Novice: 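Below you'll find the structure I mean.
Keep in mind the model is a prediction, meaning the values are calculated, not measured.
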There are 2 protein chains.
Amino acid sequence: MTQTSTETYRLKGRLWIEGSEGTFLGYGRVVLLERIGEHGSISAAARSMEMSYRHAWKLVDSMNQQSNTPVVEKSTGGKGGGGARLTEAGKQAIATFWSAYRDYKAFLAQREKQLELL
Amino acid sequence: MTQTSTETYRLKGRLWIEGSEGTFLGYGRVVLLERIGEHGSISAAARSMEMSYRHAWKLVDSMNQQSNTPVVEKSTGGKGGGGARLTEAGKQAIATFWSAYRDYKAFLAQREKQLELL
DNA sequence: ATCCGTAATATACCGATGGGAATAACGATG
DNA sequence: CATCGTTATTCCCATCGGTATATTACGGAT
């Protein structure tokens, strides 16, 4: 027995849905969509996470451009200065991603048990 | 029908095995291990891919530190200046990762068929 | 007409990551 | 004991994503 330390290993992964222009939906993007749904604006959603408005705006723009129908509808000016709200396609996108994500997590947890390392 | 463009979506992901200090095995690391096995040195392995020796060395160091038994044995000086060779644990690590990787690819391909987006 | 908070956009900066070059140690071989 | 190609290690630099900051456009409410 010359075993000094015994490492334990975890199987980890990232999951995302790709469109024609790269990433369409990923974990952070979907959380952002949810926050937009809760707060009613991109800026409030960005503040609620640890994300800059610039970054959040780019993500929303990227998702809208790659979606067959926009996931977020934005309005500028007006009461409260404007805002943003989820579309039906947006809600559907969230559900679709979480569904795949749950399956993915389950796969990882299951597959992790079979790891055999020396 | 107001459908302008019809995006098709792909389910993509990354997979890696984590130890106590972060990533232990990933796609690039395992390819590097294989190349070391083929070429007999870290530097030749690095040259054979598009990787700097500095980077390759750090990856090998990280893997060795996190493995219960080293994955690469290195020798300095001597005929040919030294070299590096895979250990049994290294070969095992490669096999373990590719096995998980294949399953993971199969999972992604299968799960992709179930994506439903608007 | 003014105010307000948001969308929209450009610019400058910052921090991490990896690359390249440079240097030293190493040890069998001739 | 000089050579040689590798391991090992330390600098500095280019690149790149994201942050912070600043500015403009917008339009309903007062």
Novice: Verify whether the ring centers belonging to Trp16(B) and Tyr101(B) lie closer than 6.0 Å.
Specialist: no
Novice: Thr87(A) side chain to Pro70(A) main-chain N or O, any donor-acceptor pair under 3.5 Å?
Specialist: yes
Novice: Mind calculating the distance between NZ (Lys74(B)) and P (dG27(C)) to the nearest angstrom?
Specialist: 15 Å
Novice: Would you mind reading off the distance between Asp61(A) atom CG and dA8(C) atom P, rounded to a whole angstrom?
Specialist: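 About 8 Å, once rounded to whole Å.
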Novice: In whole Å, what is the span from the NE2 atom of His39(A) to the P atom of dA7(C)?
Specialist: 13 Å
Novice: With the sugar-phosphate defined as primed atoms, P, OP1 and OP2, and the base as all remaining atoms, what B/S/- string results for nucleotides 18-29 of chain D, 5' to 3', for protein heavy atoms under 4.0 Å?
Specialist: SBB-----BBS-
Novice: If I take atom CG in residue Leu32(B) and atom P in nucleotide dT7(D), what distance separates them, rounded to the nearest angstrom?
Specialist: 11 Å
Novice: Nearest nucleotide by nearest heavy atom, which residue falls closer to the 5' end of DNA chain D, Lys58(B) or Ala44(B)?
Specialist: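 Closest to the 5' end, via its nearest nucleotide, is Ala44(B).
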Novice: Send over the distance from Leu59(B) CG to dT7(D) P, rounded to a whole Å.
Specialist: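 Value for this atom pair: 14 Å.
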Novice: Could you state the CH2-C1' distance from Trp57(B) to dG19(C), rounded to the nearest angstrom?
Specialist: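 To the nearest whole Å, that distance equals 16 Å.
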Novice: Any idea how Phe107(A) and Tyr104(A) line up, ring-wise: parallel (<30°), tilted (30 to 60°), or perpendicular (>60°)?
Specialist: parallel
Novice: Does Met63(B) offer a backbone N or O that forms a donor-acceptor pair with the side chain of Ser67(B) under 3.5 Å?
Specialist: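 No, Ser67(B) side chain to Met63(B) backbone: no donor-acceptor pair under 3.5 Å.
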Novice: In whole Å, I'd like the distance from the CD atom of Glu73(B) to the P atom of dC26(C).
Specialist: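 One finds 19 Å between P of dC26(C) and CD of Glu73(B), rounded.
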Novice: Treating Ile, Leu, Val, Met, Phe, Trp and Tyr as nodes and any side-chain heavy-atom pair under 4.5 angstrom as an edge, say whether Leu86(A) and Leu118(B) lie in one connected cluster.
Specialist: no
Novice: Any side-chain N or O of Ser43(A) under 4.0 Å from OP1/OP2 of dA7(C)?
Specialist: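 Yes, within the criterion.
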Novice: Arg14(A): what forms a salt bridge (Lys or Arg N to Asp or Glu O under 4.0 Å) with it, not counting sequence neighbours?
Specialist: none
